[in-house]
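Below: the structure, in structure tokens.
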Protein chains: 2
Amino acid sequence: MDARQLEEKLRAAGYRLTPARRAVIQALGEAGRELAPREVLAAARARCPGLGRATVYRTLRLLAQLGLALPLPAPGGIRYRLLAGDLHRLVCRGCGAQLPLDLCPARGLTARLAERSGYLIAGHVLEFYGLCPDCQRRLSCVE
Amino acid sequence: MDARQLEEKLRAAGYRLTPARRAVIQALGEAGRELAPREVLAAARARCPGLGRATVYRTLRLLAQLGLALPLPAPGGIRYRLLAGDLHRLVCRGCGAQLPLDLCPARGLTARLAERSGYLIAGHVLEFYGLCPDCQRRLSCVE
DNA sequence: GGCTAACTGAGACGATGTATCATCAAGCGT
DNA sequence: ACGCTTGATGATACATCGTCTCAGTTAGCC
Ligand SMILES: [Zn+2]
Ligand SMILES: [Zn+2]
Ligand SMILES: [Zn+2]
Ligand SMILES: [Zn+2]
């Protein structure tokens, strides 16, 4: 799902499509990685010069509520990324390093889950977490 | 994995077992749900009266780095829970409501993943996210 | 029991996120 | 095309969060 489609979804959900929101969406879309809110602010100001902090936080919360963006915990605070399908990754809890994974054992469960729970399911995240080789040494986690 | 075992893991990893750390671990263990750092502080002070904010943050970060606690994004900020095996749940992005799930399509991938990546894998999280029935109405997400 | 390095709490600090409010403009009906 | 209505914006102020520093304490190891 690219930025253009997300804008349509916003409209479809009854929200206005403003320059500020487009700037935030495009900043997230062009980054290709998770951004902290302040990074979103900096990047989005290139397209919407007077953009304020509050609007960035409001927009990120809105996108997350609609399932269009995904908040992820990271060292240093929550970061956001646009929802581009589902997310599968391996994350180091020590330093935050991550490897994207190319597997999905969860597809196929979504429809049944939605039916049984009444939820409108936007996607899923499968995250393996542990320590990368470097952090295994640094934290002396002998396991 | 219960609180006692976590304390042993801390020791095994070369860290001291102090009253402050035990209070944090037990507070998380008794809660049975994710806690915000401020809730951890309040709960842990019952066991360790003079406990300071900084120590709570330090301990939570340490536990997370060692893979013994899990930070999760929630409306209102990051929350923590003790790692009790893997986590599978369905979360509403609107209000934070969650349903635990009783399925695991990911077990069995861990060993192969660890071997190929060099990571020491502590566990995984499979999280389906979307909107609960209430929030579907409230946010007028017509989808 | 004494040593030593790790840990702690206090306090100060900068960063983060929210609430308020006057102003503005997106989308719509005409 | 034009003006209305209402949601959205940016500025400001504020509360909270999370980190840093440092002097004092203590857990774990002889
Ligand atoms: Zn690492
Ligand atoms: Zn998947
Ligand atoms: Zn909900
Ligand atoms: Zn699983």
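Bear in mind that the values here come from a model prediction, so they are computed numbers and not experimental data. For the numbers below, each heavy atom of this structure counts, side chains included, while hydrogens, waters and symmetry mates do not.
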*Assign each of A:Gly52 and B:Ile78 to its nearest nucleotide of DNA chain D by heavy atoms, then name whichever residue's nucleotide is nearer the 5' end.*
A:Gly52
*asked:* Looking at A:Arg21 and A:Arg16, would you say the former's side chain and the latter's main chain have a donor-acceptor pair under 3.5 Å?
replied: yes
*Give the nucleotide from the list C:dC7, C:dT20, D:dC17 with an atom nearest to the side chain of A:Arg58.*
C:dT20
_Single-linkage hydrophobic cluster, 4.5 Å side-chain cutoff, B:Leu51 and B:Leu10 together_ = yes
*Rounding to a whole Å, what distance do you find between B:Arg21:CZ and C:dG9:C1'?*
14 Å
*Hey, which sits more toward the 5' end of DNA chain C by its nearest nucleotide, A:Thr18 or B:Thr55?*
B:Thr55
*Measure the distance from CG on A:Leu62 to C1' on C:dG17 and round it to the nearest whole Å.*
16 Å
*asked:* Which is more 5' along DNA chain D, the nucleotide nearest B:Arg61 or the one nearest A:Ala20? Just name the residue.
replied: A:Ala20
*Length of the CZ-C1' vector between A:Arg22 and D:dT9, whole Å*: 17 Å
*Figure out the CD/P separation between B:Glu7 and D:dA27, and round it to whole Å.*
13 Å
*In whole Å, what is the span from the CG atom of A:Leu51 to the P atom of D:dA11?*
9 Å
*Separation of A:Glu39 CD from A:Leu28 CG (nearest 0.5 Å)*: 10.5 Å
*Looking at every strand, decide which applies to A:Pro19 at a 4.0 Å heavy-atom threshold: base, sugar-phosphate, or nothing.*
sugar-phosphate
*Report the C-alpha distance between B:Leu66 and B:Lys9 in whole Å, list the side-chain angles of each, state the deciding distance to 0.1 Å, and finish with yes or no for side-chain contact (heavy atoms from CB on, under 4.5 Å).*
CA-CA 9 Å; B:Leu66 292 176; B:Lys9 286 227 174 190; over 6 Å; no
*How do B:Arg53 and B:Gly76 order along DNA chain C: which one's closest nucleotide is nearer the 5' end?*
B:Arg53
Table please: side-chain donor-acceptor pairs of residues 95-114 of chain A below 3.5 Å, with sequence neighbours left out.
unit_1  : atom_1 : unit_2  : atom_2 : d
A:Gln98 : OE1    : A:Arg89 : NH1    : 2.9
A:Gln98 : NE2    : A:Glu34 : OE1    : 2.9

*If only side-chain N and O atoms of B:Arg16 are considered, is one of them under 4.0 Å from the OP1 or OP2 phosphate oxygen of D:dT26?*
no
*Among D:dT9, D:dA11, C:dT16, which nucleotide sits nearest the side chain of A:Ala54?*
D:dA11
*d(CG, B:Leu41; C1', D:dT19) in whole Å*: 15 Å
_Nucleotide of D:dT19, D:dG18, D:dT16 approaching B:Pro37 most closely (side-chain heavy atoms)_ = D:dG18
*Length of the CG-P vector between A:Leu60 and C:dT16, whole Å*: 13 Å
*Does C:dG17 have OP1 or OP2 sitting under 4.0 Å from an N or O in the side chain of A:Tyr57?*
yes
*With respect to the phosphate group of D:dG28, does any side-chain polar atom (N or O) of B:Arg11 fall under 4.0 Å of OP1 or OP2?*
yes
*asked:* Using whole Å, what does the distance between atom C1' of nucleotide C:dT16 and atom CZ of B:Arg38 come to?
replied: 14 Å
